[in-house]
Amino acid sequence: MSPLPVELGDGALLRRLRMDDLEDVWSVVEAERERLAVWMPWVEHVRTIEDERRFLETVTADPRGLDGLGLFVEGRFAGGVGMRLDPFGIVADIGYWVASPWEGRGLVTRAVRALLSIAFDELGLHRVTVRAGVENLRSRAIPERLGFTLEGILRGEGRGTGGFYDLAVYGLLEDEWRTGR
Ligand SMILES: CC(C)(COP(=O)(O)OP(=O)(O)OC[C@H]1O[C@@H](n2cnc3c(N)ncnc32)[C@H](O)[C@@H]1OP(=O)(O)O)[C@@H](O)C(=O)NCCC(=O)NCCS
């Protein structure tokens with residue numbers, strides 16, 4: 001079983017989302033909607049609290065799932081993190097967002113580092129990827145800070161309020177992670 005929840009320091013916790021997080025998650029998504037929608041296509045599909053409930057139902061259906069995690073600071077929901085695994089145990093892709101009051105504190109970097117440990121130490125994966133908008137420099141800084149390699153550009157693979165945009169793909173292999181940490 002994955003070692004969650006993980007303490008990230010400074011009162012921050014990474015844990016699986018639960019159905020009873022619904023009100024908290026919904027209120028943060030509502031407050032941050034405009035900012036998040038610039039980069040994240042799911043935001044336009046979460047229009048009501050019922051849409052949010054369906055998301056939580058999906059991610060909580062698998063008690064071992066890793067694609068519906070929450071960042072909590074002093075017990076308050078602060079952002080979403082997810083790691084989606086391929087069916088063969090080779091690769092996982094990590095996505096993230098944090099609410100603006102908690103931006104710039106290293107919470108997401110620490111959460112992604114914790115997920116890398118789960119991916120490589122617990123799950124025995126070979127490779128982890130992060131995709132970030134080419135112009136989303138804050139997002140790109142996270143894999144860069146963690147030693148990922150920029151592998152290429154996926155043309156038009158992202159979509160936000162400004163339309164389709166190019167994604168920078170970052171990859172980290174298991175042996176690179178072991179030698180780099
Ligand atoms: C992209 C996003 C998640 C980045 O958030 P962030 O707060 O910059 O990332 P972190 O939590 O890792 O914080 C990094 C910052 O904390 C600082 N920091 C402080 N303590 C730190 C620590 N222990 N470890 C790492 N960084 C730390 C870093 O120096 C950095 O600050 P800087 O930007 O001034 O250099 C955030 O901007 C966001 O949610 N954007 C909107 C949604 C989005 O774009 N999601 C990504 C889609 S691909």
Side-chain angles (χ1 to χ4, degrees), residues 4-15 17 21 24-47 51-52 55 59 66-85 91-119 127-172 177 180-181:
L4 286 168
V6 178
E7 300 277 354
L8 301 176
D10 303 327
L13 187 74
L14 178 69
R15 68 159 169 81
L17 291 168
D21 294 318
D24 288 350
V25 175
W26 171 244
S27 66
V28 175
V29 169
E30 272 289 82
E32 299 285 321
R33 172 175 295 284
E34 216 170 302
R35 170 177 162 266
L36 298 179
V38 174
W39 298 112
M40 312 192 84
W42 57 263
V43 179
E44 64 175 306
H45 296 282
V46 181
R47 294 239 153 259
D51 296 330
E52 192 68 66
F55 167 73
V59 296
L66 294 167
D67 55 354
L69 310 181
L71 281 167
F72 293 81
V73 180
E74 310 294 355
R76 292 176 59 202
F77 178 72
V81 183
M83 184 160 75
R84 198 158 292 168
L85 277 63
V91 59
D93 187 65
I94 295 178
Y96 40 71
W97 62 273
V98 68
S100 36
W102 289 283
E103 212 176 28
R105 300 190 189 190
L107 286 183
V108 179
T109 301
R110 283 179 265 165
V112 173
R113 194 181 283 123
L115 286 181
L116 291 175
S117 171
I118 292 173
R127 162 182 168 79
V128 173
T129 58
V130 169
R131 297 151 193 248
V134 166
E135 294 176 21
N136 192 349
L137 300 184
R138 286 201 86 103
S139 184
R140 293 182 63 168
I142 290 167
E144 286 169 4
R145 200 176 281 131
L146 292 170
F148 283 63
T149 297
L150 175 62
E151 296 180 333
I153 306 295
L154 297 173
R155 294 173 306 147
E157 175 123 338
R159 196 187 66 212
T161 39
F164 294 105
Y165 62 83
D166 296 348
L167 282 178
V169 185
Y170 290 87
L172 182 69
W177 180 72
R181 71 175 168 169

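Keep in mind the model is a prediction, meaning the values are calculated, not measured. Side chains are part of it too, since the values below use all heavy atoms of this structure and drop only hydrogens, waters and symmetry mates. In each ligand, atom 1 is the first atom listed, and ligand 1 is the first ligand listed.
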Give the single entry among Tyr96, Trp102, Trp39 that approaches atom 46 (C) of ligand 1 most closely by any heavy atom.
Tyr96

At what distance, to the nearest 0.5 angstrom, does CD1 of Ile118 lie from CG of Leu69?
7.5 Å

Select one of side chain, backbone, both or neither to describe which atoms of Arg35 lie under 4.0 Å from any atom of ligand 1, heavy atoms only.
side chain

CD/Glu44: more than 12 non-hydrogen atoms of other groups inside 6.0 Å:
yes

Kindly compute the distance separating CD (Glu52) from CZ (Arg47), expressed to the nearest 0.5 Å.
12.5 Å

Against ligand 1, does Arg131 come closer than 4.0 Å with any heavy atom?
yes

Look up atom CD in Glu74 and atom CG in Leu13, then write down how far apart they are to the nearest 0.5 Å.
10.5 Å

In this structure, CE of Met83 is separated from CD1 of Ile94 (nearest 0.5 Å) by 5.5 Å

In the protein, which heavy atom is nearest to atom 12 (O) of ligand 1, and how far is it?
Thr109 OG1, 2.4 Å

Which protein heavy atom lies closest to atom 24 (N) of ligand 1, and at what distance to 0.1 Å?
Gly106 CA, 3.9 Å

Within the structure provided, determine whether Val46 and Trp26 are in side-chain contact (heavy-atom separation under 4.5 Å).
yes

Who's closest to atom 39 (O) of ligand 1 heavy-atom-wise, of Val98, Asp10, Asn136?
Val98

Atom CD in Glu32, atom CE in Met40: separation rounded to 0.5 Å?
11.5 Å

Side chain, backbone, both or neither: which part of Arg105 comes within less than 4.0 Å of ligand 1 when only heavy atoms are counted?
backbone

Looking only at protein heavy atoms, which one is nearest to atom 32 (P) of ligand 1, and how far off is it?
Arg138 NH2, 4.1 Å

Applying ring-ring contact (aromatic ring centres under 6.0 Å, His included), run through Phe77 and Trp97 and close with a yes or a no.
CA-CA 12 Å; Phe77 178 72; Trp97 62 273; 5.7 Å; yes

Measuring from atom OH of Tyr170 to atom OG1 of Thr129, what distance do you get when rounded to the nearest 0.5 angstrom?
12.5 Å

Going by the order shown, which atoms of ligand 1 are within less than 4.0 Å of some heavy atom of Met40?
42 (C), 45 (N)

Closer than 4.0 Å to some heavy atom of Leu107 - which atoms of ligand 1 meet that?
10 (P), 11 (O)

Could you say whether the N/O atoms of Ala132 and ligand 1 ever approach to under 3.5 Å?
no

So, is Glu103 polar-close to ligand 1, with some N/O to N/O distance under 3.5 Å?
yes

Above 12 or not: heavy atoms from other molecules or residues under 6.0 Å from CZ of Arg84?
no

Which of the listed options, Ala12, Gly104, Ala99, holds the heavy atom that is closest to atom 7 (O) of ligand 1?
Gly104

Counting heavy atoms under 4.0 Å, the part of Leu36 that contacts ligand 1 is side chain

Below 3.5 Å, N or O to N or O, backbone or side chain included: is there any such pair between Val108 and ligand 1?
yes

Residue, atom name and distance, where the atom is the protein heavy atom closest to atom 23 (N) of ligand 1:
Arg110 NE, 3.7 Å

So which protein heavy atom does atom 28 (C) of ligand 1 come closest to, and at what separation?
Arg145 NH2, 4.0 Å

Is ligand 1 under 4.0 Å from a heavy atom in the side chain of Ile142, in the backbone, in both, or in neither?
side chain

I want to check something: taking the side chain as every heavy atom from C-beta on, are Leu116 and Phe148 in contact at a cut-off of under 4.5 Å?
yes

